[in-house]
Each structure stands twice: as structure tokens, then as C-alpha cells.
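What follows is a single structure, written as C-alpha cells, with notes after it.
Predicted model only: the values in this text are computed from it and were never measured. Residues take their numbers from the sequence shown, with the count starting at 1.
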Amino acid sequence: MKKKIFLLLILGGVLLLGLALYSYFKEPAKEIQEEPGDLFPSLISTSTPAFEAGKYSFLEREDAKEDLYNPGYYHIGYQPEYNPDSPGPPYLITYTKETGYFNIVLLSEPIGETRRAAEQFLKARLGLSEDEMCSINYSLGAPVWVNSTFAGVELGFSFCPGAVPLP
């Protein structure tokens, strides 16, 4: 019985020594430092013309306000209304500074006219051509309570390839 215990102790010691030598001689793991753009390369473009000249200058305007509850998120133009007696804005544009992403939500009918108003506002605010607008990172849609036919559909800017035609 003592021989078996002694053999197990020797075997365990050899195993521990092998693990120690392996961990000592193996290459250290390389640290991976990812930029935010590397996380979602299909969603985030690093060469968007909108921001090369005056990066974030549109955030310095009076009608661009940082969201109080979500730091780094900005409402551009219309601000969210929390007044039930007010008809509310026709659309909301939110910009996320970290990702350079615009979220445009159409909030009134007819959504075709509302989309045109939102895209013309943003185009003027950013100082971009229609081609440049098509290259920014954005989502444009409407909630179900505004239009159940187009709810959940990525509508796109009317002048960009693949845009959904609206009435």
C-alpha cells in the first residue's frame, strides 16, 4: 500500500513539474487591442466622408443635445417630447458618437413625406451630397404604431440604392 501511495506521489510530482515547464516555456498570449470599428466591420465605416472635414461639428449646434440618460448619444434637430398634449416631432434622429451611427425614426404619416423631410434635414446638417449620405452608417425606419406596413423594415434614404419606395 505504501508503494502505491509513493508511486502516486511521484507521478503527481512529475505531472506538476511538466505543467510548470510547459507554462514557463510557452509563448505569452498576445494582447488583442480592438478598435471599435473592428468589432462590427460591416456596420462601421472608418472612411465616411461625413466626418473627415469637420468631425462632429454638427454636434456643436444648438439643436444637437446629448441624451441625459445615455452618454454619447445625441439627438439632432427635434428633441424627444414627453408632453402627452403635444403632437410630438415628425421624426427623431439620434447619433451615437462612439460608433458614428445615425438612427432615424419616422414618427408621423405620410411616412414618405416624413422620410424626405428627415433626409433633407440631415443632408443639410452634415453638408453632404446624396452619394455621401448613402455611405454614412444609419438606420431609417418607422414603429408599428406609425405604419404597420413598413414597421420593422429598413427603409433607407429615398435616393440611395435599395431604398424602399414609400407612398
Side-chain angles (χ1 to χ4, degrees), residues 28-167:
K30 294 179 183 175
E31 277 191 39
I32 299 173
Q33 294 186 4
E34 294 183 11
E35 296 294 320
D38 295 333
L39 298 175
F40 306 104
S42 64
L43 298 177
I44 300 169
S45 168
T46 55
S47 62
T48 303
F51 311 112
E52 289 175 2
K55 195 169 188 171
Y56 308 123
S57 62
F58 64 95
L59 295 178
E60 297 169 5
R61 297 182 62 121
E62 191 175 301
D63 65 350
K65 296 195 179 357
E66 188 168 15
D67 190 308
L68 298 174
Y69 303 104
N70 300 296
Y73 287 68
Y74 294 82
H75 299 288
I76 311 298
Y78 289 108
Q79 302 299 308
E81 293 278 335
Y82 300 107
N83 181 354
D85 299 328
S86 170
Y91 58 84
L92 287 176
I93 300 173
T94 305
Y95 176 74
T96 307
K97 194 171 184 179
E98 182 179 344
T99 60
Y101 192 80
F102 290 91
N103 187 39
I104 302 121
V105 181
L106 307 177
L107 299 173
S108 68
E109 286 282 8
I111 64 170
E113 287 178 27
T114 304
R115 173 172 70 177
R116 279 188 292 285
E119 62 195 18
Q120 292 307 312
F121 169 82
L122 189 58
K123 185 175 138 192
R125 180 68 68 234
L126 299 177
L128 300 176
S129 69
E130 288 183 354
D131 287 339
E132 291 171 325
M133 287 289 288
C134 295
S135 71
I136 67 172
N137 298 307
Y138 75 100
S139 175
L140 193 151
V144 70
W145 54 267
V146 171
N147 187 299
S148 60
T149 304
F150 294 104
V153 175
E154 177 54 51
L155 302 173
F157 292 131
S158 63
F159 45 78
C160 294
V164 174
L166 295 175

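- Between N147 and T149, the shortest heavy-atom contact is OD1-N, 2.9 Å.
- Checking side-chain atoms of Q79 against main-chain N and O of G77 turns up a donor-acceptor pair under 3.5 Å.
- With hydrogens and angles ignored, the 3.5 Å screen pairs no side-chain donor or acceptor of E113 with any backbone N or O of E109.
- With a 4.5 Å cut-off on side-chain heavy atoms, P167 and F150 count as touching.
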Margin query: One pair to check against side-chain contact (heavy atoms from CB on, under 4.5 Å): E154 and Y138. What are the steps and the verdict?
Written below: CA-CA 10 Å; E154 177 54 51; Y138 75 100; 4.2 Å; yes
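- By the neighbour-count criterion of 12 heavy atoms within 6.0 Å, atom CZ of F121 is densely surrounded, having more than that number from other residues, nucleotides or ligands.
- A heavy-atom distance below 4.5 Å is not found between the side chains of Y78 and I93.
- When Y95, Y101, F102 are each tested for a side-chain contact (heavy atoms from CB on, under 4.5 Å) with T99, only one passes: Y101.
- Distance check, rounded to the nearest 0.5 Å: NZ of K123 to CD of E132 gives 10.0 Å.
- Screening N103, L106, L107 for a side-chain contact (heavy atoms from CB on, under 4.5 Å) involving L92 leaves a single residue, L107.
- Between S108 and V146, the closest heavy-atom pair is N-CG1, 3.9 Å.
- In this structure, P161 and C134 have side chains that are in contact, with non-hydrogen atoms separated by less than 4.5 Å.
- Rounded to the nearest 0.5 Å, atoms SG (C160) and CG (L155) are 12.0 Å apart.
- When side chains are defined from C-beta on, F159 counts as touching M133, because their heavy atoms get closer than 4.5 Å.
- To the nearest 0.5 Å, atoms OH (Y91) and CD1 (I111) are separated by 15.0 Å.
- Taking CG of L166 as the start and OG1 of T114 as the end, the distance is 9.5 Å to the nearest 0.5 Å.
- Contact of the D67 side chain with the T94 side chain is not registered, since no non-hydrogen atoms from C-beta on lie closer than 4.5 Å.
- The two residues A163 and R115 have their closest heavy-atom pair at CB-NH1, 4.2 Å.
- With values rounded to the nearest 0.5 angstrom, E119 atom CD is found 3.5 Å from S158 atom OG.
- Side-chain contact check for T96 versus Y74: every heavy-atom pair is 4.5 Å or farther apart.
- Here the closest heavy-atom approach between residue P143 and residue A151 is recorded as C-CB, 3.9 Å.
- Looking at L140 and V105, their side chains never come closer than 4.5 Å, going by heavy atoms from C-beta outward.
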